[in-house]
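Scroll down for the structure; my scribbles are underneath it.
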Amino acid sequence: MEQQRNSPPRRRPRPARRPPVAPQGALAEGPPRTAGRPGPRPDVRPERPRGGAARPPGRRPVPPVVLALRRLRRLPDPRLTGLGAGLFACGAMFVLGCLDRLLLDGSPLVYGLLFLPVSALTALWVREADLVTAPISVPIAFAVGVVPIAGGVGGVGGRTMAVVTALAVHAGWLYGGTLVAGLITCVRKVREMGRRQRAAAAATRVARRRTMP
């Protein structure tokens, strides 16, 4: 009995502590982030169009007509004299007539279609001082190129009659090419006169400013 009285009282074991339960909103957001360290940023990249590189905002696509004009400006821009333009047109049409005779058996339609761009190039490449020669040299070049496809039998007289007949029959292409060359020449002449007037007006203004006290 004495031993039981003198023995120290026994302590009851405490229940184990449970970790605090996070609220429902915190579970949806994910694990808590440590202070001072930013969380990983989402890898978001700007979407690019499928056709190529991303275009800067505010710029519109260039229309194809403008691109074609820019490519035409990059082409060689020679300045031929009147004699040089005539030789170029005659040589080009003679070569095209020979090729037409060899490949297509002298097709007048193909020859006429090829005559139009040659007339345009002749009027574009002649220098401004010899613009009048372009509409004159183009019909001569058409007659020179007709010789290979005109044919004819019986010597020089027969070939000459064949060439004259071809010129009479295909006069529409001849007039069309001459008209193209004439229009291009007129446009270039008007632009040249406009540039001269602007240059003269600018020189007059500069002279007036210098003479003013």
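Here, residue 1 is the first one in the sequence, and each next residue gets the next number. Since we're looking at a predicted model, the values are computed, not measured.
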[Y] reachable from [X] in the ILVMFWY side-chain graph, under 4.5 Å edges:
X      : Y      : answer
Phe115 : Leu104 : yes
Val110 : Leu96  : yes
Leu113 : Leu167 : yes
Val95  : Val147 : no
Phe88  : Phe94  : no

Looking only at non-hydrogen atoms, find the nearest pair between [X] and [Y] and report the distance.
X      : Y      : answer
Ala123 : Ala134 : CA-CB, 4.0 Å
Ile140 : Cys90  : CG2-SG, 4.2 Å
Pro135 : Gly182 : CG-CA, 4.1 Å
Val138 : Ala181 : CG2-CB, 3.9 Å

To the nearest 0.5 Å, atom CG of Leu102 lies from atom CD1 of Ile149 at 12.0 Å

*asked:* Exactly one of Tyr175, Trp173, Tyr111 should register a ring-ring contact (aromatic ring centres under 6.0 Å, His included) with Phe142. Which one does?
replied: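 Looking at Tyr175, Trp173, Tyr111, the match for Phe142 under the ring-ring contact (aromatic ring centres under 6.0 Å, His included) is Tyr111.
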
Side-chain contact test, heavy atoms from C-beta onward, threshold under 4.5 Å: evaluate it for [X] versus [Y] and give yes or no.
X      : Y      : result
Val126 : Thr122 : no
His170 : Val146 : no
Leu131 : Arg188 : yes
Ser119 : Thr178 : no

Between Glu128 and Arg196, does any side-chain N to carboxylate O distance fall below 4.0 Å?
no

Worksheet entry | Arg191 atom CZ, neighbour heavy-atom count above 12 within 6.0 Å |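 Counting other residues, nucleotides and ligands, CZ of Arg191 stays at 12 neighbours or fewer.
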
Suppose clustering is done on Ile, Leu, Val, Met, Phe, Trp and Tyr with side-chain heavy atoms closer than 4.5 Å. Which residues sit in the same group as Leu183?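 Noted: Leu183 shares its cluster with Leu179.
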
(request) Look only at the side chain of Asp100 and the backbone of Ser107, and say whether a donor-acceptor pair between them is shorter than 3.5 Å. (result)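 Between the backbone of Ser107 and the side chain of Asp100 there is a qualifying donor-acceptor contact (under 3.5 Å).
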
request  = Show the numbers, then the answer: is there a side chain to side chain contact (heavy atoms under 4.5 Å, CB included) between Val118 and Met93?
outcome  = CA-CA 8 Å; Val118 172; Met93 293 310 302; 3.8 Å; yes

Matching residue for Thr81 among Asp130, Thr133, Leu87 - test: side-chain contact (heavy atoms from CB on, under 4.5 Å)
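Testing Thr81 for a side-chain contact (heavy atoms from CB on, under 4.5 Å) against Asp130, Thr133, Leu87 leaves exactly one candidate, Asp130.
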
